[in-house]
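Quick notes on the structure that follows.
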Amino acid sequence: MNSVNVRSLLVRGMLAGLAAGVLALIVAYLLGEPRVDAAIAYEDAHAAPGAPEMEIVSRSLQSTAGLATGVLLYGVALGGIAALAYCFALGRIGRFSPRATAALLSGVALVAVYVVPFLKYPANPPSVGDPETIGKRTTLYFLMMALSVLLAVAAVIVGKRLAPRLGTWYATVVAVLGFAVAVGLAYAFLPAINEVPEDFSATLLWQFRLAALAIQLTLWTSFGLLFGHLAERLLNPKPATATAATTAVATPGSAPETAASAH
């Protein structure tokens, strides 16, 4: 790919990420924020008696402008990084169209970047988790994410190398199974973390985690569809002759009739 296409795809990726961020913002506001409010209410009810802590940023600002800023900036950054990864992957992972490559890349990224770490270290609402272990929990989460991404890349490489001998289908099955086994070993060796209070609502915890998963699913799915459409139009534009031919077929006999009327 030349630098012009890379730059154009980068811009389109960021725009698609912004649009996907808007959709994810709607899901976050409708599904996530009510669960955050419920978790904060639980935290306030179990807080130690005394003077309340000074609120630096109001909750109303956090749930509106703060949420929008965070999600939209995340979407733009995600779109830019995904577009660069797309430029590298296009044509190297198989003979897929630009649109299919975008969909495949988004699906793999969703699984590797979010779903796999989420299953080991799921998202928790406020009031869940010991403040003193936040550094450890953050390190373990990003370690799991890095392992997942590296294992996904390794699975793609192994699948491509096995394809000439096993065929595409069986090579893909072997690569996926190898990825699943490696992830299972990572799950087994990395320490588990369970800091949920005993009296915390299991329903609220489950709903919060489903909302977090729905936000990421919306973000990655919409990005894959939007970016795939934009990439397809850029890399495989419809020839002008095809458009002219389609117009001529749609109005048969118009030229002879015009000539006859002139006589």
Side-chain angles (χ1 to χ4, degrees), residues 17 20-21 23-40 42 63 67 70-79 81-82 85 102-131 133-156 175-197 200-225:
L23 297 177
L25 174 62
I26 296 173
V27 176
Y29 186 78
L30 295 178
L31 297 183
E33 287 304 311
R35 277 73 194 181
V36 173
D37 289 336
I40 292 176
Y42 169 89
S63 61
L67 177 66
V71 173
L72 295 181
L73 287 178
Y74 178 78
V76 172
L78 176 149
I81 296 172
L104 181 62
L105 179 66
S106 297
V108 172
L110 172 64
V111 172
V113 175
Y114 188 77
V115 173
V116 170
F118 174 86
L119 293 178
K120 177 63 177 178
Y121 301 114
N124 288 323
S127 73
V128 174
D130 185 356
T133 64
I134 186 170
K136 175 185 176 182
R137 288 184 279 120
T138 303
T139 301
L140 288 173
Y141 181 84
F142 281 104
L143 176 60
M144 188 68 246
M145 182 189 296
L147 286 174
S148 177
V149 172
L150 291 175
L151 290 173
V153 172
V156 173
V176 171
L177 288 177
F179 174 78
V181 170
V183 168
L185 291 175
Y187 282 179
F189 285 103
L190 288 177
I193 295 177
N194 183 15
E195 298 177 348
V196 181
F200 191 84
S201 171
T203 301
L204 176 58
L205 181 64
W206 177 245
Q207 290 176 345
F208 178 85
R209 290 175 175 175
L210 283 182
L213 185 60
I215 294 169
Q216 293 292 327
L217 182 62
T218 301
L219 184 68
W220 284 102
T221 302
S222 55
F223 171 78
L225 296 175

Could you tell me whether a side-chain N or O of [X] sits under 3.5 Å from a main-chain N or O of [Y], the two making a donor and an acceptor?
X    : Y    : result
S222 : L219 : yes
R35  : Q207 : no
S148 : M144 : no
K120 : L190 : yes

- request: Output all residues satisfying side chain to side chain contact (heavy atoms under 4.5 Å, CB included) with T139, sequence neighbours left out; order by chain, then residue number.
  value: none
message: Just checking F142: does its CZ atom have more than 12 heavy atoms from other residues, nucleotides or ligands closer to it than 6.0 angstrom?
response: no
query: Who are the side-chain hydrogen bond (donor to acceptor under 3.5 Å, both in side chains) partners of R137, not counting sequence neighbours?
result: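 side-chain hydrogen bond (donor to acceptor under 3.5 Å, both in side chains) check on R137 returns T133, E195.
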Close side-chain approach of [X] to [Y], heavy-atom, < 4.5 Å:
X    : Y    : value
L110 : L217 : yes
V36  : P126 : yes
V108 : W220 : no
P125 : F200 : yes
T138 : I134 : yes
Y42  : P197 : yes

Please report the shortest heavy-atom distance between [X] and [Y], naming the atom on each side.
X    : Y    : answer
P191 : L140 : CG-CD1, 3.7 Å
L78  : F223 : CD2-CG, 4.2 Å
A155 : F179 : CB-CB, 4.1 Å
A82  : L105 : O-CD2, 3.6 Å
L25  : V71  : N-CG1, 3.9 Å
A112 : A152 : CB-CB, 3.9 Å

message: Holding to ring pair (Phe, Tyr, Trp, His ring centres under 6.0 Å), I want the full list of residues that pass it with F118, two or more places apart in sequence or in another chain.
response: Y114
- prompt: What is the distance from atom OH of Y121 to atom CE of M145, rounded to the nearest 0.5 Å?
  reply: 12.5 Å
task: May I have the step-by-step check of side chain to side chain contact (heavy atoms under 4.5 Å, CB included) for L205 and N124, ending in yes or no?
output: CA-CA 7 Å; L205 181 64; N124 288 323; 3.8 Å; yes
